[in-house]
Number of protein chains: 2
Amino acid sequence: MIHVLIADDHSIVRLGIKQIICSLPGNMHVTEAKTFDETISFMEAQHFDLLILDINMPGGNNLQMIQAVKLRQPQIRILICSAYEEIMYALGYLQTGADGYIEKNSPDDDFKTAINTVLAGERYISRAVREQLISKYTRQQDHRPNPFSVLSGREVEVMNLLTKGLPLIKIAEILHLQLTTVSTYKARIFEKTGVKNVIALVEKAQMYQVASHSGEAVVKV
Amino acid sequence: MIHVLIADDHSIVRLGIKQIICSLPGNMHVTEAKTFDETISFMEAQHFDLLILDINMPGGNNLQMIQAVKLRQPQIRILICSAYEEIMYALGYLQTGADGYIEKNSPDDDFKTAINTVLAGERYISRAVREQLISKYTRQQDHRPNPFSVLSGREVEVMNLLTKGLPLIKIAEILHLQLTTVSTYKARIFEKTGVKNVIALVEKAQMYQVASHSGEAVVKV
DNA sequence: AAAATATGTAGTATAACTACTACGTCTATA
DNA sequence: TATAGACGTAGTAGTTATACTACATATTTT
């Protein structure tokens with residue numbers, strides 16, 4: 001017997017989800033909560049295997065909800081179900097301990113997959129979110145010449161140290177150069193890569209995955 | 001009629017993949033290539049909708065293969081099929097232009113899903129890789145107290161600006177504070193979060209996804 | 001080969017930043 | 001109800017970084 005708790009303030013939504021759950025194989029037992037407080041009450045009274053949680057419910061819609069839930073039943077699986085489609089939300093929740101994130105407007109089959117996936121102990125993210133996740137790694141593969149390829153050897157060395165957060169003087173020491181020389185390299189790196197500060201440089205370097213599988217010489221510190 | 005090109009040096013693998021493809025609905029036409037050169041030859045002679053590419057083939061197994069392929073048939077879908085399970089491979093290839101990445105030891109159903117997904121114009125990554133992708137964002141959710149939660153309001157404001165790469169003076173201006181005050185905050189932030197430079201701070205903040213949906217006041221620049 | 005760049009290097013003057021210290025509110029806490 | 005921290009704020013003195021500028025040696029390009 002699998003116990004599922006649906007927490008959503010819209011009864012139609014609860015009905016829909018219940019429908020989907022009951023269509024799944026296995027002996028499903030569904031409980032419904034209308035607010036977050038109610039959710040917590042149920043959880044203190046009974047054990048559940050899965051919580052399907054609307055993050056847009058009265059009584060709080062933030063990350064702490066997850067923690068509150070896990071505090072009571074650490075082994076419970078949580079599937080966030082929300083009207084927001086922003087990827088940031090999904091990631092934040094997954095990070096805090098949710099096991100899945102599905103948008104309300106997803107097709108039934110996706111719901112089934114999501115529920116099964118989460119119950120199986122894996123994490124679920126929707127196609128769309130997954131796409132975005134990948135794009136985060138993929139963005140700007142628009143075959144423009146990699147701005148890092150125009151850096152000279154010395155510049156690359158300095159960049160690698162810069163992106164580790166080392167201060168210029170340390171870099172100067174390591175490379176046996178004058179501070180001012182390092183400073184010049186830095187300026188040139190910034191110019192060539194079109195960034196204005198180290199943080200942007202780090203991001204850009206990350207983006208182009210510099211020196212990960214290229215044969216670039218990387219100076220160890 | 002959907003034209004699929006399978007590029008793999010092991011004929012058994014090709015056979016297996018062919019089997020799977022033919023089991024799919026739709027009129028599938030399969031061509032087989034044993035080496036990368038052969039793959040390219042085929043591509044220059046005929047149009048394909050999908051390329052299932054073993055990255056472990058004689059004739060090259062690097063990212064340039066993707067580019068070589070896309071150069072000839074920009075609209076072709078590429079599903080990487082490999083024995084390697086390392087996530088870095090998958091991401092690297094997806095980044096270079098592949099549409100999917102599946103491990104050879106995946107169950108048939110996953111292959112079907114992968115092929116369908118890629119043909120539908122979406123990207124596919126396997127469960128395992130997806131898990132790892134998520135973990136990358138999720139790692140260390142080991143419920144240690146979030147170091148950013150101990151930051152005071154003012155500190156959070158400064159941190160948000162710091163992680164944008166703004167110089168202290170700018171931050172001072174924005175918040176109408178003395179430079180030295182901002183500097184003090186910065187020092188406190190570093191202390192509380194246990195970092196030694198802004199770059200580490202950015203990484204840590206990213207890791208904990210600070211201030212993404214909290215009601216924190218974020219100052220626009 | 002000559003001219004134009006790119007690269008490795010550094011100085012000077014100036015601007016930005018840090019360390020340390022200080023101090024008045026607030027807020028838990030003994 | 002003291003009292004110890006936490007918070008917001010800032011100054012001084014000393015460090016570190018930047019903007020320009022410069023110049024010799026490669027590399028290219030014409």
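A, B, ... follow the sequence lines: proteins, then strands. Residue 1 opens every chain.
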- Task: Between C/dG8, D/dG11, C/dC17, spot the one nearest the side chain of A/Arg154, thanks.
- Result: C/dG8
- Message: Checking contacts here: which listed nucleotide (C/dT7, D/dG8, D/dC20) is nearest the side-chain heavy atoms of B/Arg188?
- Response: D/dG8
- Minimum-distance nucleotide to A/Leu177 side chain [options: C/dA22, C/dT18, C/dA10]: C/dA10
- Task: Choose from C/dT18, D/dC20, D/dA10 the nucleotide whose nearest atom is closest to any side-chain atom of A/Thr184.
- Result: D/dC20
- Does a side-chain N or O from B/Lys192 land closer than 4.0 Å to OP1 or OP2 of D/dC7, or not? yes
- Item | Whole-Å gap separating P (C/dT7) and CD (A/Glu157) | 14 Å
- Item | Shortest side-chain distance from A/Leu179, nucleotide among D/dA17, C/dG11, D/dG8 | D/dA17
- Item | Protein-nucleotide distance (A/Phe190, atom CZ; D/dA17, atom P), rounded to Å | 12 Å
- Query: When we call it a touch if two heavy atoms are under 4.0 Å apart, what does B/Ser152 touch: a base, just sugar-phosphate, or nothing?
  - Reply: sugar-phosphate
- Task: Could you check how far NZ of A/Lys186 sits from P of C/dA15, rounded to whole Å?
- Result: 18 Å
- Item | Heavy atoms of other groups near B/Gln75 CD, more than 12 under 6.0 Å | yes
- Message: Output the rounded distance in Å from CG (B/Leu175) to C1' (D/dG8).
- Response: 12 Å
- Expressed in angstrom and rounded to an integer, what is the separation of A/Glu191 atom CD from D/dA19 atom P? 11 Å
- Message: Closest approach to the side chain of B/Gln178, judged atom by atom: which nucleotide of C/dA10, D/dT18, D/dA10 is it?
- Response: D/dA10
- d(CG, A/Leu151; C1', C/dG8) in whole Å: 14 Å
- Query: Of all the choices, D/dA17, D/dT9, C/dT18, which nucleotide is nearest to the side chain of A/Ile169 once you look at every atom?
  - Reply: D/dA17
- Just how far, in rounded Å, is P of D/dA22 from OH of A/Tyr185? 19 Å
- Query: Is the phosphate of C/dA10, meaning OP1 or OP2, less than 4.0 Å from a side-chain N or O of A/Thr181?
  - Reply: yes
- Message: Counting only heavy atoms not in A/Glu191 (residues, nucleotides, ligands), do more than 12 fall under 6.0 Å from its CD?
- Response: no
- Measure from the side-chain N and O atoms of A/Lys204 to the backbone N and O of A/Val195, and report whether any donor-acceptor pair falls under 3.5 Å. no
